[in-house]
Colleague: 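Got a structure for you, written out below as structure tokens; questions coming shortly.
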Amino acid sequence: MRALSLSSALPGFARNCWRLSLPSLPAMSKLHSSSVSTDIPRCFRDDLVLSELKSRAALKLEGNDVLKFLQSLTTNQMQLLSPDVETNSLGKTLIYSGFLSVQGRVLFDAFIYRDVPGKFFIDCDSTLVADLEAHLRKYKMRSKIDISNVSSSFKVFQFYGNDVASLDPQLASQGLFPDPRAGPLGYRGVRPADFSLELPSGTTPVRHASDDDYRLFRTLLGVPEGASDITSGQALPFEVNMDYLQAISFSKGCYLGQELTSRTHYVGVIRKRLLPVVPAVDGSLVPPVETPLLSASGQKTGKIVSSVGAAGLAMVRLEHVDLEQPERTLFSVDQAPLSLRVARPVWWDAFLREKHDADEKLAKLVEA
């Protein structure tokens, strides 16, 4: 296998991203604050970018039983979308979640939106929308809900880039809401197909970019999405980082696939995760999907799961990653003169904090 060279393979305006090195990111509490907008890949920092995500599709759910129905099928707490009269809280408008198999494997990753009372949207991978609809109908039984595919009349949009959080009021009024996974990802919404974003005069001009530009953006941040990154029925939610992307509630009641999810969480043994990788040498591209990766000692450690130009996501064993400074980790490509390094994911600080807490607890038990 020859090392891939950079040419026109990078999408759109993002072709200069191959020169970047990701910055160190702040604490996770700051990443989820609406004030965070600068800790994003360098090549996106000067732009306001709007991408229509043609890789995503929309389902509409209506009825009195929607929250109760989804509560038994999804990994996240659906009550987050419900207004609380006692606290006078309106609840969230958007959450990220997963639908699991009985064996606890991720079937679909999805965003769930509250529209008006009793009406919700689910945005999911467009290649799996029919499967998700069938999955919902399988468990619907007597629930008072209507399910419809509205992908022809509603589209999914992502708005990201330079200081998007400063536009929060204008975005919320137009149906775009903070991406619940991490602050730098910007804003997201299911909007009518003829949606046109209107911003105050004097705002940085909005660049209308492709689905691939957004895919490069989130890949550099270590955020998987859809069937290209999360093969349906294969990975545990922890392996695709759903625990650090705010997709799992560990305090909710029973749901499909919960048993293995809860046991894995409390045992705390996750041996591999999906991590972002970039070429160690400028001017190269990430090799194709399924390309094996070797550790510094020559051991097989994982493989490329997806790639877009000079960035990719690789499923790798954590024992071969420098956990304190993951960007120092280098992998070689089997039978090719190419090395890849890990790019620090947007969720890594939360991962380290949890690991340090667990190490401290173990040390105290040993001392006792």
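Since the structure is predicted, the reported quantities are computational estimates derived from the model, not experimental observations. In what follows, every heavy atom counts, from backbone to side chain, and hydrogens, waters and symmetry copies are set aside.
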Colleague: Below 4.0 angstrom, N of the basic side chain to O of the carboxylate: do R207 and D47 qualify?
Modeller: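 Looking at R207 and D47, the cut-off is met.
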Colleague: Taking side chain as C-beta onward, heavy atoms only, is L221 less than 4.5 Å from P184?
Modeller: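 They are in contact (side-chain heavy atoms under 4.5 Å apart), so the answer is yes.
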Colleague: Check the pair Q158, E52 against side-chain hydrogen bond (donor to acceptor under 3.5 Å, both in side chains), reporting the backbone distance first and the verdict last.
Modeller: CA-CA 7 Å; Q158 190 88 15; E52 178 186 332; over 6 Å; no
Colleague: On the 0 to 90° scale, with breaks at 30° and 60°, tag the F121-F154 ring pair as parallel, tilted or perpendicular.
Modeller: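 Rings of F121 and F154: tilted, 30 to 60°.
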Colleague: Identify which one of N64, V66, L67 satisfies the side-chain contact (heavy atoms from CB on, under 4.5 Å) criterion when paired with I145.
Modeller: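 Of the listed options, the one satisfying the test is V66.
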Colleague: Is the F351 ring parallel, tilted or perpendicular to the Y244 ring (thresholds 30°, 60°)?
Modeller: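 Ring orientation, 0 to 90° scale: perpendicular.
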Colleague: R344 versus D349: any side-chain heavy-atom pair under 4.5 Å?
Modeller: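 Counting from C-beta outward, R344 and D349 do come under 4.5 Å.
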Colleague: So, S101 side chain and Q103 main chain: donor-acceptor pair closer than 3.5 Å or not?
Modeller: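 Yes, S101 side chain to Q103 backbone: donor-acceptor pair under 3.5 Å.
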Colleague: With a 4.5 Å cut-off on side-chain heavy atoms, are P178 and L171 touching?
Modeller: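 The answer is no; the side chains never approach within 4.5 Å.
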Colleague: Would you say T219's side chain and R215's backbone share a donor-acceptor pair under 3.5 angstrom?
Modeller: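 It does hold such a pair.
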Colleague: Does CZ in R328 sit with more than 12 non-hydrogen atoms of other residues, nucleotides or ligands closer than 6.0 Å?
Modeller: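 For R328, atom CZ is not crowded (no more than 12 foreign heavy atoms under 6.0 Å).
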Colleague: Is the cationic atom of R188 (NZ for Lys, CZ for Arg) positioned less than 6.0 Å from the six-membered ring centroid of F111 and within 45 degrees of its normal?
Modeller: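 The answer is yes, since R188 meets both limits relative to F111.
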Colleague: Checking T127 against D125: is there a side-chain donor and acceptor pair closer than 3.5 Å?
Modeller: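 T127 and D125 do have a side-chain donor-acceptor pair below 3.5 Å.
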Colleague: Test ring-ring contact (aromatic ring centres under 6.0 Å, His included) on Y187 and F177; report intermediate values, then the result.
Modeller: CA-CA 5 Å; Y187 285 65; F177 305 99; 8.3 Å; no
Colleague: Quick one: closest heavy-atom pair of A57 and S126, and the distance?
Modeller: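 Looks like CB-CA, 3.8 Å.
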Colleague: Is the Lys NZ or Arg CZ of R114 less than 6.0 Å from the centre of F120's six-membered ring, within 45° of the axis?
Modeller: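 No, R114 does not sit over the ring of F120.
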Colleague: Nearest 0.5 Å please: distance from the CZ atom of F99 over to the OG atom of S232.
Modeller: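 These two atoms lie 12.0 Å from each other.
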Colleague: Taking the side chain as C-beta and beyond, is there a heavy-atom pair between R218 and L185 under 4.5 Å?
Modeller: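 In short, these two side chains touch, coming nearer than 4.5 Å.
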Colleague: Is a side-chain donor or acceptor of Q174 paired with a backbone partner of E198 at a separation under 3.5 angstrom?
Modeller: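 Present.
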Colleague: Any sub-3.5 Å donor-acceptor pair from T203's side-chain atoms to L199's backbone N or O?
Modeller: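 No, because the side chain of T203 does not come within donor-acceptor range (under 3.5 Å) of the backbone of L199.
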Colleague: If you measure from CZ on R341 to OG1 on T329, what distance do you get to the nearest 0.5 Å?
Modeller: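 Rounded to the nearest 0.5 Å, the CZ-OG1 separation comes to 10.5 Å.
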Colleague: Below 4.0 angstrom, N of the basic side chain to O of the carboxylate: do D65 and K144 qualify?
Modeller: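 Answer for the salt bridge query: no.
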Colleague: Give me each pair satisfying side-chain hydrogen bond (donor to acceptor under 3.5 Å, both in side chains) with a member in residues 302-321, each pair once, sequence neighbours excluded.
Modeller: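 For residues 302-321: D229-S306, E290-K303, Q299-H320, T301-H320, R317-E319.
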Colleague: With a 4.5 Å limit on heavy-atom distance, are the side chains of R181 and V223 in contact?
Modeller: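 Counting from C-beta outward, R181 and V223 do come under 4.5 Å.
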Colleague: Examine Y139 and I147 and state if one hydrophobic cluster contains both, with Ile, Leu, Val, Met, Phe, Trp and Tyr joined whenever side-chain heavy atoms are less than 4.5 Å apart.
Modeller: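 Yes, same cluster.
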Colleague: CG of L59 to SG of C124: how many Å apart, nearest 0.5 Å?
Modeller: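 It comes to 5.0 Å.
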Colleague: Give me the atom names and distance for the closest heavy-atom approach of A310 to P279.
Modeller: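 Nearest heavy atoms, A310 then P279: O-CD, 3.3 Å.
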Colleague: Between S55 and Y214, do the side chains contain an N or O donor and an N or O acceptor separated by less than 3.5 Å?
Modeller: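 Checked: S55/Y214 side chains show no N/O donor-acceptor pair below 3.5 Å.
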Colleague: Indicate whether any N or O donor in one side chain lies under 3.5 Å from an N or O acceptor in the other, for Y96 and N76.
Modeller: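 There is no such pair (donor and acceptor under 3.5 Å, judged by atom type) between the side chains of Y96 and N76.
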Colleague: Could you work out the complete set of other residues in the hydrophobic cluster of V267, with links drawn between I, L, V, M, F, W and Y side chains under 4.5 Å apart?
Modeller: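 Besides V267, the cluster holds V269.
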Colleague: So, using side-chain hydrogen bond (donor to acceptor under 3.5 Å, both in side chains) as the criterion, who are the partners of E239 when residues are at least two apart?
Modeller: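 None.
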Colleague: Following the transitive rule for hydrophobic clusters with a side-chain heavy-atom cut-off under 4.5 Å over Ile, Leu, Val, Met, Phe, Trp and Tyr, establish whether V281 and L294 coincide in one cluster.
Modeller: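 Cluster IDs for V281 and L294 differ.
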Colleague: Would you say I304 ends up clustered with L318 if hydrophobic residues are merged whenever their side chains have heavy atoms under 4.5 Å apart, either directly or through other cluster members?
Modeller: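 Result: yes, single cluster for both.
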Colleague: Provide the closest heavy-atom pair for L81 versus L94 in the form atom of the first, atom of the second, distance.
Modeller: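 Heavy atoms of L81 and L94 come nearest at CD2-N, 3.8 Å.
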Colleague: Please confirm whether the backbone N or O of G253 pairs with a side-chain atom of Q258, one donor and one acceptor, at under 3.5 Å?
Modeller: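 Checking the backbone N and O of G253 against the side chain of Q258, a donor-acceptor pair under 3.5 Å is found.
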Colleague: Carefully, step by step, assess D146 and K140 under the rule salt bridge (Lys or Arg N to Asp or Glu O under 4.0 Å).
Modeller: CA-CA 9 Å; D146 292 318; K140 177 178 177 291; 5.7 Å; no
Colleague: Ignoring hydrogens and geometry beyond distance, is a side-chain donor-acceptor pair present between S151 and N149 at under 3.5 Å?
Modeller: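 The answer is yes; a qualifying pair exists.
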Colleague: Keeping the roles fixed (side chain from N241, backbone from R273), state whether a donor-acceptor pair exists under 3.5 Å.
Modeller: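 A pair under 3.5 Å: no.
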Colleague: Enter the distance from L245:CG to D109:CG here, rounded to the nearest 0.5 Å.
Modeller: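 Interatomic distance, L245 CG to D109 CG, rounded to 0.5 Å: 10.0 Å.
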Colleague: Can you tell me how far the CD atom of Q71 sits from the CG atom of L73, to the nearest 0.5 Å?
Modeller: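 Rounded to the nearest 0.5 Å, the CD-CG separation comes to 10.0 Å.
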Colleague: When you measure from the side chain of D322 to the backbone of E327, do you find a donor-acceptor pair of N or O atoms at a distance under 3.5 Å?
Modeller: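 Side chain of D322 to backbone of E327, a donor-acceptor pair under 3.5 Å: no, none is there.
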Colleague: Should E324 and W348 count as side-chain neighbours, where that means a heavy-atom distance under 4.5 Å?
Modeller: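 Side-chain contact under 4.5 Å: no.
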Colleague: If hydrophobic clusters are built by linking Ile, Leu, Val, Met, Phe, Trp and Tyr wherever their side-chain heavy atoms come under 4.5 Å apart, do L167 and F195 end up in the same one?
Modeller: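 In one cluster with L167: F195, yes.
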Colleague: Rounded to the nearest 0.5 Å, what separation is found between the CD atom of E259 and the CG atom of L256?
Modeller: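 Those atoms lie 11.5 Å apart.
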Colleague: Does S210 reach the main-chain N or O of D212 with its side chain, forming a donor-acceptor pair under 3.5 Å?
Modeller: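 Checking the backbone N and O of D212 against the side chain of S210, a donor-acceptor pair under 3.5 Å is found.
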Colleague: Set out, in order, the CA-CA distance, both residues' side-chain angles and the distance that settles salt bridge (Lys or Arg N to Asp or Glu O under 4.0 Å) for K138 and D131, then state yes or no.
Modeller: CA-CA 10 Å; K138 176 181 177 180; D131 293 336; over 6 Å; no
